[in-house]
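Throughout, protein chains are lettered first and strands after them, A, B, ... in sequence-line order, and every chain is numbered starting at 1.
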Number of protein chains: 2
Amino acid sequence: MPGQDIKLTSTSYIVLGLIDLRGPSTPYDLKGLLEQSVANFWPVPHTTFYAEPDRLAGAGYLTIDQEQGGRRRKTYEITPAGTDALRTWVQTAEASSPVMHDEGMLLVFLGADPEPVNRARIVWHTEKLTELEGYLDRQVKANGPAGVIRSLIAGTMYHRMCIEMHEKLLALSDASAE
Amino acid sequence: MPGQDIKLTSTSYIVLGLIDLRGPSTPYDLKGLLEQSVANFWPVPHTTFYAEPDRLAGAGYLTIDQEQGGRRRKTYEITPAGTDALRTWVQTAEASSPVMHDEGMLLVFLGADPEPVNRARIVWHTEKLTELEGYLDRQVKANGPAGVIRSLIAGTMYHRMCIEMHEKLLALSDASAE
DNA sequence: ATTGCACCGTTCGATCCGCACCGTATGCTC
DNA sequence: GAGCATACGGTGCGGATCGAACGGTGCAAT
């Protein structure tokens with residue numbers, strides 16, 4: 001039986017989803033996982049994130065198991081109500097439109113030299129690509145969850161396309177510079 | 001002479017930049033322009049945006065000219081200090097890394113069927129593409145500012161690549177469905 | 001002359017979120 | 001084995017933010 005009922009936000013579903021993937025976890029465990037996955041396409045500040053498990057537990061979506069000695073870590077486990085809410089949301093939610101925050105584009109818009117911006121972006125996307133390829137490799141080897149693998153495939157594809165795009169843009173400005 | 005000195009944020013530079021492009025403007029004018037340009041890669045909530053011109057005027061980066069009768073609209077104009085601050089920032093700022101908010105990816109990560117997500121994305125990017133192509137066309141015909149045109153070229157290229165990507169992803173899931 | 005609607009913002013309150021801090025363990029050094 | 005550095009694992013606070021809702025102004029049509 002739930003205590004209070006609370007409004008479930010995307011942060012809630014992230015916490016539920018990560019626990020569902022990983023089994024019983026401490027918030028810190030989840031945070032590590034978050035940073036290697038969800039944070040790449042849906043950033044969540046850690047203060048918001050840390051506050052969420054207790055909210056969810058209060059409403060009956062998670063249970064808490066607290067260590068008695070030492071650090072008194074809390075381990076959270078998902079309840080049937082939790083998996084239920086998660087599955088329902090995943091199957092019925094409509095995704096809102098993607099939103100970009102790209103300061104480089106802003107600089108270009110305002111008249112900055114596009115070349116250094118494009119170069120910096122290529123470096124950044126290349127690093128991200130390497131990082132995600134690493135995760136993907138591990139997930140495939142470990143036969144990880146289909147959704148996780150799909151999101152990693154999409155992520156690597158995305159960064160490759162961005163690199164290509166910035167290279168094209170560089171070529172364009174080279175061409176017009178002559 | 002500036003009154004208070006204030007911290008200039010990216011919102012400040014957007015306001016300065018738009019007035020610089022457009023000449024003397026009311027906040028509402030700027031908002032219209034914003035929505036057709038900057039908001040596509042750097043969202044600014046309108047409450048934040050409306051508050052900015054007065055801050056900038058208070059610090060000497062803009063001047064205010066207020067209508068006497070009727071709606072008492074305020075028209076803002078950029079000062080030399082304003083163009084100065086703008087130019088300096090545009091030439092020296094380092095762009096922070098791009099950040100994505102993509103709920104569709106989150107759904108896929110959590111196990112949702114990727115097909116409807118990809119389809120919805122294709123629709124959305126196609127609409128955006130059409131919109132930006134319209135702006136680009138107008139800017140080119142009107143011989144608009146180089147930065148504005150460059151950002152529109154990048155934008156259209158970006159949405160085209162996204163469409164391609166989602167089509168590839170659809171093809172992938174089709175293939176594995178058999 | 002009243003309704004209705006687009007224009008043009010402003011207010012307010014809840015939420016958020018980043019900075020700074022703090023106790024706990026685990027070495028590592030001498 | 002005492003002291004110190006460093007990573008772990010968070011929490012508290014207060015200002016910044018942001019969206020819902022409101023509200024006045026002009027204008028056009030009835």
Under 4.0 Å: is that the gap between some side-chain N or O of B/R73 and OP1 or OP2 of C/dG9?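 It does not, given that no N or O in the side chain of B/R73 lies less than 4.0 Å from OP1 or OP2 of C/dG9.
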Between atom [atom1] in [X] and atom [atom2] in [N], what is the gap in whole Å?
{"X": "B/Y50", "N": "D/dG23", "atom1": "OH", "atom2": "P", "answer": "18 Å"}
{"X": "A/Y28", "N": "D/dG9", "atom1": "OH", "atom2": "P", "answer": "5 Å"}
{"X": "A/K74", "N": "D/dG9", "atom1": "NZ", "atom2": "C1'", "answer": "12 Å"}
{"X": "B/R72", "N": "D/dG23", "atom1": "CZ", "atom2": "P", "answer": "21 Å"}
{"X": "B/I6", "N": "D/dG15", "atom1": "CD1", "atom2": "P", "answer": "19 Å"}
{"X": "B/R55", "N": "C/dG9", "atom1": "CZ", "atom2": "C1'", "answer": "18 Å"}
{"X": "A/K31", "N": "D/dG9", "atom1": "NZ", "atom2": "P", "answer": "10 Å"}
{"X": "A/Q66", "N": "D/dG9", "atom1": "CD", "atom2": "P", "answer": "15 Å"}

[X] side chain to [Y] side chain, donor-acceptor N/O pair below 3.5 angstrom:
{"X": "A/D54", "Y": "A/Y76", "result": "yes"}
{"X": "B/E131", "Y": "B/Y135", "result": "yes"}
{"X": "B/S12", "Y": "B/E52", "result": "yes"}

Below 4.0 angstrom, N of the basic side chain to O of the carboxylate: do [X] and [Y] qualify?
{"X": "B/D113", "Y": "B/R119", "result": "no"}
{"X": "A/D65", "Y": "A/R73", "result": "no"}
{"X": "A/D29", "Y": "A/R22", "result": "yes"}

Angle between terminal axes - the helix from C/dA1-D/dT30 to C/dC30-D/dG1, 5 pairs each end, rounded to 10°: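 Rounded to the nearest 10 degrees, the bend comes out at 10°.
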Backbone of B/T75 reached by a side-chain donor or acceptor of B/T26 within 3.5 Å: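 No; zero donor-acceptor contacts below 3.5 Å.
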Do any of residues 33-49 of chain A sit with a heavy atom less than 4.0 Å from DNA chain C, and if so which? A/P45, A/T47, A/T48
Decide if atom CD of A/Q66 counts as having more than 12 heavy atoms of other residues, nucleotides or ligands within a radius under 6.0 Å.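 Correct, the count exceeds 12.
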Positive for salt bridge (Lys or Arg N to Asp or Glu O under 4.0 Å) with A/E133, one of A/K128, A/R138, A/R160: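 Only one option passes, and that is A/R160.
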